[in-house]
Amino acid sequence: NLTERFREAFKSITGQSKLTEDNVKDAVRAIKRALLEADVNLAVAKRFVDDVRDKALGAEVLSGVNPAQQFIKIVHDELVALMSDPSSRDDEGRVRINFTRSRPTVVLMAGLQGSGKTTTCAKLAALLVKRNKVKPLLVAADLQRPAAVEQLKVLGKQIGVDVYAEEKSTPPTVCRNALDFARKNANDLIILDTAGRLHVDEALMKEVSEIAKLTEPEEVLLVCDAMTGQDAVKSAKAFDERLPLTGVILTKLDGDARGGAALTVKAVTGKPIKFIGVGEKIEQLEEFFPDRMAGRILG
Amino acid sequence: VGLGQKIDEDLLEQLEEALIEADMGVESARLLMEDIRKAWKGGEIETGADIFPFLKADLKHRLSRHPVSLRMAESGPTVILVVGVNGAGKTTSIAKLAWIMTQEGRKVLLAAGDTFRAAAVEQLVTWSKRIGCEIVTGKAGADPASVAYQGCERAVKESFDVLIIDTAGRLHTQKNLMDELAKVYKVIGKVVPNAPHETILVLDSTTGQNAINQARMFTEVAGVSGIFLAKLDGTAKGGAVLTIDRHIGIPVKFVGLGESFEDIQRFNAAAFVDALFE
Ligand SMILES: Nc1nc2c(ncn2[C@@H]2O[C@H](COP(=O)(O)OP(=O)(O)OP(=O)(O)O)[C@@H](O)[C@H]2O)c(=O)[nH]1
Ligand SMILES: Nc1nc2c(ncn2[C@@H]2O[C@H](COP(=O)(O)OP(=O)(O)OP(=O)(O)O)[C@@H](O)[C@H]2O)c(=O)[nH]1
Ligand SMILES: [Mg+2]
Ligand SMILES: [Mg+2]
């Protein structure tokens, strides 16, 4: 566990009655290193350990508690606090999707290439059918990747959900027409699957921003791969600047990536991580729990 | 030597941070700084102004040790197995390899070995049509090893120069899927002697330290011989390949610079290292 791993670094705190600037120096360095090894962005990690140092300094070591364990608890609690977002939970503590009654609720999925958007669109549709008894419409707005439309159609068929697609069109047109189709088809939820794009591709970032302006989504979700490294800070910031993000979905957490990107993305965008992908199957989408993520990041 | 002059610690810290931000990893970056300190003490680096050029030269040298050319078969088809985690860019990278080989006048055959994911076969079939090369496909849900087998048989029978086998994305932590890949690898070797001649691991440039685990585990079951570093047209630097080079020694052979089949380049160590610090 973390206390054992950092036994050497925490030697200077052991036996102390108070956590001071001097005796937490090694421990703080060890935490920063652990965060970097977990792929937390460097600037985010630095800011985090500074906050932790401030919280730890002057803390009276609780009697009967190993000071190292107390320090770890401060780190853990601070990580959990950073990745939590109580406003994104309902009264029962479940992740909230901003449903509207006035028209079909629109959910826009965006993110870098290969992050898991198309698969997650289907997963989210299935989850909301089960949880909220909605009648979703999946929209194949990726007209650039070979067989992307086919991929969504196959997934839609697997879960018994309609897929809206157009042959020769453009993504914004498909999305606008999908809204009209949804009304006629009595769908109360629309999930827009968009093409993967680089945050430095100006034309494509403009396109997705245009889709958001056109469809005014209740939810704009950034789909991010859990194994993303330092670059998460750049892509998350760019997507947050160009889109009215309402949340993040972190995918492929069934792997062994420590997932530091979770902390980076939350720190940089302030938007809640709502769900996590934990496999390729439709049912493998779960609600995000900050305390589980904190433990995973710390290793 | 710096005549007993202390090394510029601020500069070292800046360089170390640049490497961490390039996804080289905190331990590898630290080891590299130790190498620089040794070189400074040993007189290999004379002034502070020489530190950065020394570092770049060292990295370029490391990454240039291995050949970036593909190992070709002495006779018969060259078999290239393409592997990697979900969404890394395998299928698109295969299209790029097929294009480059076709441009070189080789007769290329593709095998749609991802029999699992929705529309995976259709995706590769579309690419084969755009490039103008043949493709072997199996029934939906077919055993990937059987598609690899059919690909190898046809490549030999119809005298193809190159066979490139696509596989389903898989996380290296999924034992059953890694066993499945080991079976594909074994079957290839049974049909074509010394095959696969190359096992290419496609790595997403945005991947952090997990890339090292991927390289290790995929090498264990399928003998990775080269890396295709995809999505290098983004802002990620792909520094994890430096750590892979240091600990496992797998060379980067190609980089992916976009979503079209032409967006491929053979790996250029000098350009890669310069870009790390930009
Ligand atoms: N293991 C695992 N695989 C996942 C998860 N989510 C998605 N995948 C896989 O990741 C790969 C990429 O998923 P896609 O849904 O095609 O990703 P995408 O973001 O739509 O890709 P582009 O449209 O090309 O940008 C596929 O092989 C999926 O099955 C997950 O949570 N765990
Ligand atoms: N910008 C950019 N995108 C790329 C590059 N290589 C692949 N992509 C994109 O990444 C996404 C995933 O590519 P795929 O080829 O489907 O990846 P894969 O590894 O075969 O995915 P699975 O089979 O689902 O595991 C697609 O949207 C590709 O267009 C690259 O070099 N640059
Ligand atoms: Mg997609
Ligand atoms: Mg593929």
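In what follows, every chain begins at residue 1, and chains take the letters A, B, ... in the order their sequences are listed.
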Closest heavy-atom pair and its distance - E150(A), A119(B): CG-CB, 3.8 Å
Any side-chain donor paired with an acceptor under 3.5 Å for D231(A) and T206(B)? no
Over 12 non-hydrogen atoms of neighbours within 6.0 angstrom of NZ in K183(B): no
Taking every heavy-atom pair that is under 4.5 Å apart, which of D204(B), V121(B), N86(B) has the most such pairs with chain A? N86(B)
Which bit of D256(A) comes within less than 4.5 Å of chain B, counting heavy atoms only: side chain, backbone, both or neither? both
For chain A, find its close neighbours in residues 207-214 of chain B: heavy-atom separation under 4.5 Å, sorted by number, or none. T207(B), G208(B), Q209(B), N210(B), N213(B), Q214(B)
Inspect the contact between K46(A) and E17(B) and indicate whether a charged nitrogen and a carboxylate oxygen are less than 4.0 angstrom apart. yes
Within this structure, what is the CG-CG distance for the pair D23(B) and L42(A), rounded to the nearest 0.5 Å? 11.0 Å
Per-residue contact mode, K252(A) against chain B (heavy atom under 4.5 angstrom): both
So for D254(A), is it side chain, backbone, both, or neither that comes closer than 4.5 Å to the heavy atoms of chain B? both
Between K237(B), R30(B), H172(B), R117(B), which has the largest tally of heavy atom pairs under 4.5 Å with chain A? R117(B)
Can you tell which of A22(B), A88(B), A236(B), A230(B) has the highest number of heavy-atom pairs within less than 4.5 Å of chain A? A236(B)
Whether over 12 other heavy atoms sit under 6.0 Å from R292(A) CZ: no
Flag the pair E27(B) and R33(A) as a salt bridge only when some basic side-chain nitrogen lies within less than 4.0 angstrom of an acidic carboxylate oxygen. yes
Mind checking whether M227(A) and L171(B) have side chains closer than 4.5 Å, heavy atoms only? yes
Supply the atom-to-atom distance K231(B) NZ to L198(A) CG, rounded to the nearest 0.5 angstrom. 9.0 Å
Do you know which of Q174(B), Q123(B), E122(B) has the most heavy-atom pairs with chain A at a distance under 4.5 angstrom? Q123(B)
If I take atom CD from residue Q230(A) and atom OG1 from residue T235(B), how far apart are they, to the nearest 0.5 angstrom? 11.5 Å
